[in-house]
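Report on the structure given below.
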Amino acid sequence: MSDSEVNMAQIGRLAGVGRAAVVNWRRHHADFPQQVGGTETSPTFRRTDAEFWLRAHDKVRDPEPPPKPATVIIAGGATVTLLSPDLTSNALWREGFQQLGGFITADAELPWPTVDIELADIAGHAPFAVQRADVDISHAASPTLRYLKLSWPARRRQELGATAPADAPRATETDR
C-alpha cells in the first residue's frame with residue numbers, strides 16, 4: 001500500500017468512526033470508491049477518492065478548534081498567557097480543590113511557590129481571582145514552552161463582579 005492509498009480502518013479514522021462503519025458504507029453505497037489494491041478482506045482505495053466520497057456524504061469529522069488562550073494577571077501586574085488552558089475542579093479533596101493549567105513561554109517570569117491571581121480570564125468561564133494559588137512549572141517537550149499548573153482550595157476563588165456574603169469566612173493567617 002502506498003501513501004496515496006488507504007484501507008478501511010484509515011478511512012474510518014478520517015471520519016471518526018470504526019472500520020465496521022466503513023464496511024457498512026461500502027456495502028450500502030453504490031458510489032463508494034472502487035478498490036485499487038490490497039486483498040478481498042483488506043482492500044485499499046485511492047486516498048483522494050475516499051476523501052472526496054467522505055466529503056460528498058458529509059462524513060468528514062470536523063476537528064475541534066483549539067481552545068482560546070487564557071489570560072492570567074498576577075498580583076504586581078505580571079500578565080501570563082496560557083495556551084491550551086484547562087480549568088478543573090476536584091470535589092474529592094476535603095474542601096474542594098481547583099486547578100488551572102496550560103502552556104506558557106519558557107521565558108515567562110512567575111513568582112514561586114505561590115501567587116495571588118488578580119484576574120483569570122478563561123473562555124467559557126466567568127472571570128475570577130484567587131488568593132494564594134500554588135505554582136508548579138514543568139518543562140515541556142518543547143524548548144519554547146513550559147507547563148504551568150496553578151492550584152488552590154475552592155474557597156480561595158472569588159468570582160469577579162460578585163460580592164462575598166457578609167457571613168462568608170475571611171481568610172486567616174493559617175489559610176495563607
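All residue numbers refer to positions in the sequence shown, counting from 1.
- Note on Ile122 and Phe97: separate hydrophobic clusters, where clusters join Ile, Leu, Val, Met, Phe, Trp and Tyr whose side-chain heavy atoms are under 4.5 Å apart, directly or indirectly.
- Nearest heavy-atom pair across Val135 and Pro111 is CG2-O, 3.7 Å.
- Counting all heavy atoms, side chain and backbone alike, Glu118 lies closest to Gly76 at OE2-N, 3.7 Å.
- Put simply, the side chain of Arg146 gets close to the backbone of Ala106: a donor and an acceptor are under 3.5 Å apart.
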- Dump the intermediate steps for side-chain contact (heavy atoms from CB on, under 4.5 Å) on Leu150 and Val130, then the final yes or no. CA-CA 10 Å; Leu150 301 167; Val130 175; over 6 Å; no
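- Between Leu83 atom CG and Ile104 atom CD1 the span is 9.5 Å, to the nearest 0.5 Å.
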- Task: Before giving the answer on side-chain contact (heavy atoms from CB on, under 4.5 Å), spell out for Val6 and Glu51 the whole-Å C-alpha distance, their side-chain angles and the decisive distance to 0.1 Å.
- Result: CA-CA 10 Å; Val6 290; Glu51 289 171 346; over 6 Å; no
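- The CH2 atom of Trp53 lies 8.5 Å from the CD1 atom of Ile11; values are rounded to the nearest 0.5 Å.
- In this structure, Leu82 is not a member of the same hydrophobic cluster as Leu145, with clusters built from ILVMFWY side-chain heavy atoms closer than 4.5 Å.
- Residue Arg46 places its CZ atom among 12 or fewer non-hydrogen atoms of other residues, nucleotides or ligands, all under 6.0 Å distant.
- In this structure, Thr114 OG1 and Gln131 CD are separated by 10.0 Å, a value rounded to the nearest 0.5 Å.
- Atoms CZ and CG, from Phe32 and Asn24 in turn, are 10.5 Å apart once rounded to the nearest 0.5 Å.
- Nearest heavy atoms, Leu54 versus Ala15: CD2-CB, 4.0 Å.
- Of all heavy-atom pairs spanning Arg19 and Thr41, the tightest one is NH2-O, 3.0 Å.
- Here the OG atom belonging to Ser4 is positioned 10.0 Å from the CG atom belonging to Asp49, to the nearest 0.5 angstrom.
- Ring centroid separation for the pair His57 and Trp25 does not come in under the 6.0 Å cut-off.
- Grouping the Ile, Leu, Val, Met, Phe, Trp and Tyr side chains by contacts below 4.5 angstrom, directly or via other members, places Phe52 apart from Val60.
- Here CG of Leu110 is found 5.5 Å from CG of Leu148. Values are rounded to the nearest 0.5 Å.
- Smallest separation of non-hydrogen atoms from Arg156 and Arg132: NH1-O, 2.8 Å.
- With Asn7 contributing its side chain and Thr44 its backbone, the two residues share no donor-acceptor pair below 3.5 Å.
- Heavy-atom contacts from other residues, nucleotides or ligands closer than 6.0 Å to NZ of Lys59 number more than 12.
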- Query: Do Thr79 and Thr71 pass the side-chain contact (heavy atoms from CB on, under 4.5 Å) test, and can you show the C-alpha distance, the side-chain angles, and the key distance before you say yes or no?
  - Reply: CA-CA 7 Å; Thr79 300; Thr71 301; 3.7 Å; yes
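- Residues Trp152 and Ile137 share a single hydrophobic cluster, defined by chaining ILVMFWY side chains whose heavy atoms lie under 4.5 Å apart.
- Looking at Ser138 and Asp136, their side chains come closer than 4.5 Å, going by heavy atoms from C-beta outward.
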- Item | Criterion side-chain contact (heavy atoms from CB on, under 4.5 Å) on Val22 and Phe45, from CA distance to verdict | CA-CA 12 Å; Val22 179; Phe45 309 87; 5.8 Å; no
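- In this structure, Leu87 is not a member of the same hydrophobic cluster as Leu160, with clusters built from ILVMFWY side-chain heavy atoms closer than 4.5 Å.
- For the side chain to side chain contact (heavy atoms under 4.5 Å, CB included) test with Pro43, the passing option among Glu5, Arg26, Gln34 is Arg26; the others fail.
- The minimum heavy-atom distance between Arg157 and Ala126, with the atom names listed, is NH2-O, 4.3 Å.
- Applying the 6.0 Å contact sphere to CG of Asp58 captures no more than 12 heavy atoms from other residues, nucleotides or ligands.
- Classification of the Tyr147-Phe103 ring pair by plane angle, with boundaries at 30° and 60°, yields perpendicular.
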